[in-house]
Amino acid sequence: MHTSKTKIGRRAFIKNTSLAGGGLVLGFSWIISCKNTSKQSGKALPKDWVEVNGYIKIAENGLVTIMSPNPEGGQNVKTSMPMIVADELDVDWRDVIVEQAPLNADAFRFQWLGGSQSIRRGWEGLRLAGATARHMLIEAAAKEWQVPFNEITTKGGVVSHKQSNKSAIYGELAAAAAQMQVPEEVQVKSIDDFQIIGTSKKNVDGLKIVTGQPLFGMDTHREGMLIAMIVHPPAFGLKLKSVDDTKARQMPGIKDIFTINVFNDDYEKAFFDTRTFNEVAVVVGNSTWEVMNAKKALKIECEPIESSTETRDRFGRKWEEHTPAGLESTDEHFALMGARAAEPGEVRRKDGDPERAFKNAANIIEASYTAPFLAHNCMEPMNFFADVTEDRAELVGPLQKPDLTEQTLSARLGMPIDKIDIQMTRLGGGYGRRSYAHWLVEAALISKKIKAPIKLIYTREDDMTDGIYRPSYQAKFRAGLDADNNLIAFHVKTGGIPQSPLAQNRFPAGAVANYLAEDWTIDTNLTVGSFRAPSSNFMASAEQSFLDEVAEAASKDPIEFRLELLGRAKADPVGENNDYDPDRYAGVLKLVREKSNWDTTNKNLHRGVSAYFCHNSYAAHVLDMVIQDGKPMVEKVTCAVDCGIVVNPDAATNLAEGGIVDGIGNALYGELTFKEGVPQKSNFDTYRMIRMAEAPKEIEVHFVDSDMAPTGLGEPTFPPIFAAVANALYKAKGERFYHQPYIKYLS
Amino acid sequence: MATFNLNINGATHEVDVDPTTPLLWVLRDHLNMVGTKYGCGIAQCGACTVHLGDVATRSCMLTVSSVGNQKITTIEGLSENGNHPVQKAWLEVDVPQCGYCQAGQIMTASALLKNNSNPTDEEIEMAMNGNICRCGTYTRIKKAIKTAANSENV
Ligand code: FES
Ligand code: FES
């Protein structure tokens, strides 16, 4: 064991026996600010006492309830986070019941779903939560049995003292343990002693899912609840002018039709408060079908928006967001990006003398890549339940950044946070979309206005045409090889509408003596935001396709070529701030080379390789493709991941597989185009999603054996698979694929 | 509005609704049986799959008036305690990620196995083609279907 200083500090630990009905509740500061007690007293506790929180309840019979702090959207944190607590607590996993913790921003700093951060940021706090409780149980035993603390051991929820032949289950000691001083230091397990971490545990909600129990926001039901839907302008660049509800209002089951302003004019929007259609029409009625019908009968008239600039707040940093007027189209977007790419960009990093190096190069390779806007297409459309009165608000549903949304809502309603109760349900997919929770605000405003509990539902069409899309991107690469085929110069110029995807300190920065990274942006009135592995999902596709082309020009094996560069980055790194560890990066490439039998050839199999580092983890893929009746079919993907310690291997494998399948789907088919501001797809009849027959026949996931603290997995396997597809397609078709979705360019 | 007597999961339910209402919304809104999911409303994603008799059917485009006295089975009625071989296989393979599409996947898969107890990969792919999973659990779904097919009494 090694000793870890509890960063939380003793005053942050609160003992509270009143909640557990005789058992012990070992909680952190937020317990006292739980819903039915005063949240004001919680406020008196400074926020930074608590880094991360765990929540443990022990029943007399030894059952343990562990609260899972973060929202669950398919990454399986509801199983893996409590596993970490349980291991340090030293209980039998079968005795553990998992509950979703309530939102409490006073206590949890990152009660988020996003950025592959749940496990990474949770790791230390979850271990401490378990270890601290275990420590206090041992102290209780030491006191009761009058034996030294250090002679006591625990195993599977039992405390034992060998010398005196005494033992007790945790449940028997729980009440006494609650009286113990919260330790300032606790021992956490050494990695070799983990019993639960590193073993595969089944999804704790598995049975509920396969039996169709209500788990999702869409499933929320309350007595007297009404259904609400919105009607938004049909095109970006338009705003509501008037609403003619003469017909819709007469339709059966309709209670009311009105408009709402999602944000007030003078409100300074925070990072996730993105919304273009600030005013939307609302239809409220008794049932979904009736509201859907009335919605179709509603006539709205729209007018063009004016250009505007507003100041927004990014976690304390202000930025100016410019929204141009006009009705935008995809053709024009690509023309604009092409023109912008011909101009100089903003230089973000420069090593050596790139222009001279290019002048001296024996061979220059150039290529440019584009990618379209993408819709998130969570299978559960956006929705939220709200019951809001003048002085309190109850909200139930799926969202990714609950504490931030709570602040937004508090500002919009002019209601203190302690009067707002946001309950998190399981998310039917998030992928970034549910960080932008304008629909929660809409639900609250609707409920308040109609004075009834309501469930706001976006139809699939609303979900797709009122999205927060993945931006559209362009990237231009140049590589210079010397006469011996060494990469001596590398230039990337990239940008997007409206965001740049550049990560200038990422590989191959650090591996090339002369390196230049520039970027640019183009404004838009389309709304964009995070989409599974933001920016990386494009940069990896472009950069890893390009490196394949450069390796070929240098007559080198694409894995060997990358390893050579990584060797340089390790032995003699160029520049500073390179954001990756060359050894770990090389590690996944070597592992995937071995596991995929890269060095054997099969002429019917077209193989593409790709690797990337993002969201603190490393992933590499080898994708094997065959062409069947002219169609690309993925036979197998071999994947290597380094995400540190793997908490729940089978669940981690599932998530890695998901990133691969989702990535292949988006690379081949994902696209949302616009014409005069109107999204050209609004449902799955036209928006092509990958289906079973197009998914890889086999996926093999290998994890690098590691004793490093775990990092995330929701995103890292996603970005590199795009280029693995492109590079395999090249092998199959003899031509390079520069533009997504690749299916459009497959002859 | 009209009254319909629906035979769902072995029990009769009386509802008074607009006859054009899709069965999906009758289940979800009027009977609070929310296991059957809404994903697209146009028979493209399979989230709303139920059994009509023994046949997997998209309930989002099936009007309540067209059901008549056909037997409807929803995910809630597939088995008593989640012990249908397909559900058991789903748990064994630990298929779900977010889980939202899974009720529909299971209903399609169980209808497939009812008609074809030992489907080939191609038959599985064909039967499951109407069910989208954005989380990308397809390889596990296929594995679970094979696991269920190999188990007894499908
Ligand atoms: S909701 Fe019926 S098929 Fe999508
Ligand atoms: S498990 Fe999430 S959509 Fe299938």
Side-chain angles (χ1 to χ4, degrees), chain A residues 72-76 200 202-203 205-207 209-216 218-219 221 227 252-253 287-290 292 376-381 426-431 457 459-461 650-651 654-655 657-662 665 683-685 689-693 695-699, chain B residues 1 17-18 20-22 25-26 28-30 32-42 44-45 47 74-76 78-79 81-82 84 86-88 90-92 94-103 106 121-122 124-126 128-142:
Chain A
E72 172 63 87
Q75 35 1 349
N76 211 15
S200 292
K202 302 273 190 230
N203 188 330
D205 278 341
L207 185 63
I209 292 169
V210 304
T211 53
Q213 289 176 46
L215 287 170
F216 299 93
M218 280 290 263
D219 303 340
H221 182 84
I227 300 293
S287 72
T288 309
W289 186 243
E290 288 166 324
M292 275 180 173
H376 289 83
N377 296 338
C378 303
M379 289 311 295
E380 178 192 17
R426 194 177 183 88
L427 290 76
Y431 325 104
I457 297 175
T459 61
R460 174 57 58 194
E461 289 78 8
D650 189 48
N654 195 351
L655 194 52
E657 291 166 356
I660 290 165
V661 174
D662 187 21
N683 208 323
F684 298 132
D685 51 345
M689 305 285 283
I690 190 167
R691 291 171 187 267
M692 185 187 274
K697 301 272 173 288
E698 189 186 350
I699 303 174
Chain B
M1 292 288 165
V17 294
D18 169 353
T20 68
T21 310
W25 298 115
V26 175
R28 291 188 59 86
D29 280 359
H30 301 277
N32 195 24
M33 296 172 73
V34 293
T36 307
K37 300 297 189 232
Y38 166 70
C40 69
I42 58 165
Q44 289 291 322
C45 77
T74 71
I75 187 75
E76 291 93 341
L78 188 62
S79 68
N81 325 296
H84 184 282
V86 170
Q87 289 168 313
K88 287 204 310 218
W90 240 251
L91 293 174
E92 191 182 322
D94 217 9
V95 174
Q97 287 185 35
C98 82
Y100 192 80
C101 72
Q102 299 294 344
I106 288 170
D121 277 24
E122 288 67 36
I124 293 174
E125 283 164 15
M126 198 145 28
M128 301 305 295
N129 207 46
N131 287 74
I132 298 174
C133 175
R134 160 90 214 254
C135 293
T137 62
Y138 297 123
T139 47
R140 282 183 187 237
I141 291 172
K142 201 189 276 179

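Residue numbers begin at 1 in each chain, while the letters A, B, ... track the order of the sequences. Note that the structure is predicted; figures quoted are calculated from it, not measured.
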Side chain, backbone, both or neither: which part of [X] has a heavy atom under 4.5 Å from chain B?
X	result
A:Leu655	both
A:Met689	side chain
A:Thr459	both
A:Leu427	backbone
A:Glu290	side chain

Review point. Is NZ or CZ of B:Arg134 both nearer than 6.0 Å to the six-membered ring centre of A:Tyr431 and within 45° of the ring axis?
Key: yes
Practice item. Over all heavy atoms of both residues, which pair between B:Cys40 and B:Cys45 is shortest? Give the atoms and the distance, please. Key: SG-N, 3.5 Å
Review point. Looking at B:Gly35 and B:Ala103, what are the two nearest heavy atoms and their distance?
Key: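 Where B:Gly35 meets B:Ala103 most closely, the heavy atoms are O-CB, 3.4 Å.
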Residue selection (most heavy-atom pairs with chain B, distance under 4.5 Å) from [options]:
options	value
A:Gly665, A:Gly428, A:Gly253	A:Gly428
A:Lys697, A:Met292, A:Glu380	A:Glu380
A:Asp662, A:Asn654, A:Val210, A:Thr211	A:Asn654
A:Asp205, A:Asp219, A:Asn203, A:Leu207	A:Asp219
A:Pro381, A:Gly659, A:Ala695	A:Pro381

Would you say [X]'s side chain and [Y]'s backbone share a donor-acceptor pair under 3.5 angstrom?
X	Y	answer
B:Asp94	A:Asp650	no
B:His84	B:Val86	yes
B:Arg140	B:Pro96	no
A:Glu72	A:Gly74	yes

Counting only non-hydrogen atoms closer than 4.5 Å, does [X] touch chain A with its backbone (N, CA, C, O), its side chain (CB onward), both, or neither?
X	result
B:Glu92	backbone
B:Asn32	side chain
B:Leu78	neither
B:Val26	neither
B:Lys88	neither
B:Thr20	both

At what distance, to the nearest 0.5 angstrom, does [atom1] of [X] lie from [atom2] of [Y]?
X	Y	atom1	atom2	answer
A:Ile209	B:Trp90	CD1	CH2	12.5 Å
B:Asp29	B:Thr21	CG	OG1	9.0 Å
A:Arg460	B:Tyr38	CZ	OH	7.0 Å
B:Gln87	B:Gln102	CD	CD	12.0 Å

Who wins among [options] for the most heavy-atom pairs under 4.5 Å with chain A?
options	result
B:Thr139, B:Thr137, B:Ile42, B:Asp18	B:Ile42
B:Glu122, B:Arg28, B:Met1, B:His30	B:Arg28
B:Ile132, B:Ile106, B:Val95	B:Ile132
B:Ala47, B:Gly82, B:Cys135	B:Cys135
B:Asn129, B:Asn131, B:Ile141	B:Asn129

Point to revise | Parallel, tilted or perpendicular: ring planes of B:Tyr100 versus A:Phe216, cut at 30 and 60 degrees | key: perpendicular
Check your understanding: Less than 4.0 Å between a side-chain N and a carboxylate O, is that true for A:Arg691 and B:Glu125?
Key ->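 Answer for the salt bridge query: no.
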